[in-house]
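For reference, the structure is listed below as structure tokens.
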Amino acid sequence: MMPLYSYSRIGCFSNCRLQYKFRYVEKPDIVKPTGIEAFMGSMVHDSLEQCYRLAGMQKLLTLEELLALYQRLWKENKPDTLKIVKKELSEKDYYETGYEALIKYYKRYQPFDQEIVLGLEKRIMIELDDSGQYKMVGFIDRLTRDDAGRIRIHDYKTNSNLPTQEEIDREPQLALYQLAVEKMWPDQGPVELVWHFVRFDTPLVSIRDMGQLDKLRYDYMGKIDEIEAAVELGNFPATESALCNWCDFVEICPAKGGSGGVKSDQIEIKLPPADQCLKLVDEFLDLDQKKKDVDKRRDEIKQILISGGIMGTNKFFPGSGGRGLNVSLQKSNKLPGKSADAEKYDQITELVKGSGMYEEFSTVDMRSLQKAFDGGKLPTDIRGQLSQFSSEVIVSAVRIKKNPA
Ligand code: SF4
């Protein structure tokens, strides 16, 4: 049976499949320090949740009481280890950031009676398809209805950046929640999505139409299909990015020189006798060929089924054992990569650089940098500075070659 997906679970897969494998498939027994950003965000959330809960019982907290609540929650819930990636900041800085954000929020919204609260931390089930096969679970920070009957899905954000309206209009999480809300109360008024960027004292609102919500449903069904296929094939490559700094598994991640979750005292390399080595090599070659055949056949089947799909919709082909394949076809405007069209790629790069968005959409090519680092092709001072970040690892590879004549 398909697991129950969540927005964060699917987001984890999109960021790095290997992280997904650690978090949801292998679940290695390691200590995971809590990131300070997440902890601060959750203390602000908990404080506001409690504030609204009490307001619903006619008990309005004073600002001092709300801040005392935040202070108590921080103290009581603080884990033994808080991970602070930004070394120039301390726990106190984060604590005070949340504290200041609550003051701004309180002053803007007290006495917290602008709308009727329909739910706090409300658990919802999002059914992406009609058959109920593709399901997601979510929690709405605050669900409300105003005097005009307008339903609002509220979310508190403690991000350090304020997104643009365009970015918020593309943000999928609350729109997915809207799918569930509209199903729960089909005859209610229109739905608004509201993000409270509490550090900026700024609420941002977005409204989605049916077409956008439908596209989102198909997108997320496609994402779930992708995860299911990866789990079946064990296809979990690592994607290194700036987010690795916040990854719970960075210590054991092989892309970062870790053991992949195998404790060093468990690694025992014993070379078997020559005849067994021969058998192992033959088995490896045999498996390699089978994998190629399987991949080829898989692609052929995929193409046949895609040819039976209908543009803009989702078509399910049932199998005989209780599972089947979902084929979704969507039109999308794809930007060319360097190998597809080098000239266009250069033009796009120039355009992005000229728009001042280069940093946002570019990452350091670690593979090329590593090559230049290994090959001594970097200026001495840069190489020296990079050396402080490097660590010694054993690089191993098994490649198929012909026997020497
Ligand atoms: S450290 Fe980076 S590459 Fe490794 S699992 Fe985490 S996110 Fe993925």
Side-chain angles (χ1 to χ4, degrees), residues 3 5-42 79-89 94 136 157-161 171-173 219-220 222-267 337-338 359-374 385-398:
Y5 284 93
S6 67
Y7 178 73
S8 57
R9 183 171 180 152
I10 293 174
C12 171
F13 182 82
S14 304
N15 289 336
C16 174
R17 289 186 181 204
L18 184 57
Q19 189 191 62
Y20 182 92
K21 180 171 144 190
F22 285 140
R23 185 179 302 283
Y24 297 104
V25 183
E26 289 186 345
K27 304 176 187 169
D29 186 17
I30 57 163
V31 180
K32 298 190 221 60
T34 309
I36 184 101
E37 292 87 352
F39 179 67
M40 185 261 281
S42 115
D80 292 340
T81 350
L82 268 176
K83 182 172 170 177
I84 303 179
V85 173
K86 295 180 179 166
K87 297 294 171 223
E88 66 280 17
L89 295 175
Y94 282 95
M136 289 175 69
K157 291 281 179 203
T158 48
N159 299 22
S160 58
N161 285 312
E171 214 281 340
Q173 185 176 10
D219 282 353
Y220 271 75
K223 284 176 197 282
I224 289 175
D225 285 339
E226 225 183 302
I227 298 176
E228 294 284 308
V231 171
E232 197 144 324
L233 298 171
N235 182 15
F236 295 106
T239 305
E240 289 181 76
S241 72
L243 295 177
C244 292
N245 289 326
W246 283 269
C247 176
D248 287 344
F249 307 97
V250 66
E251 297 295 332
I252 60 163
C253 173
K256 298 287 179 190
S259 66
V262 184
K263 291 189 183 125
S264 55
D265 58 3
Q266 291 174 339
I267 302 173
K338 196 169 188 170
E359 289 216 336
E360 192 179 342
F361 293 104
S362 69
T363 53
V364 174
D365 180 350
M366 291 305 281
R367 194 183 288 260
S368 304
L369 186 63
Q370 181 75 56
K371 223 169 151 186
F373 184 78
D374 291 343
Q385 287 178 48
L386 286 174
S387 295
Q388 62 177 308
F389 301 110
S390 70
S391 52
E392 198 172 75
V393 293
I394 295 170
V395 181
S396 60
V398 177

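Every number for a ligand or one of its atoms is a count from 1 in the order of the listing.
For atom 8 (Fe) of ligand 1, the neighbouring protein N/O/S atoms at less than 2.8 Å, given as residue and atom, are C16 SG.
Note that NZ of K21 is 12.0 Å distant from CZ of F249, once rounded to the nearest 0.5 Å.
For the pair V85 and N245, the tightest heavy-atom approach, listed with the atom from each and the gap, is CG2-O, 3.3 Å. For the pair I84 and L89, the tightest heavy-atom approach, listed with the atom from each and the gap, is CG2-O, 3.5 Å. When all heavy atoms are compared, the tightest approach of Q19 to C12 is OE1-SG, 3.2 Å.
Sorted by first and then second residue, the salt bridge (Lys or Arg N to Asp or Glu O under 4.0 Å) pairs involving residues 30-40 (not counting sequence neighbours) form an empty list.
The cationic atom of R9 (NZ for Lys, CZ for Arg) does not lie both less than 6.0 Å from the six-membered ring centre of Y20 and within 45° of the ring axis.
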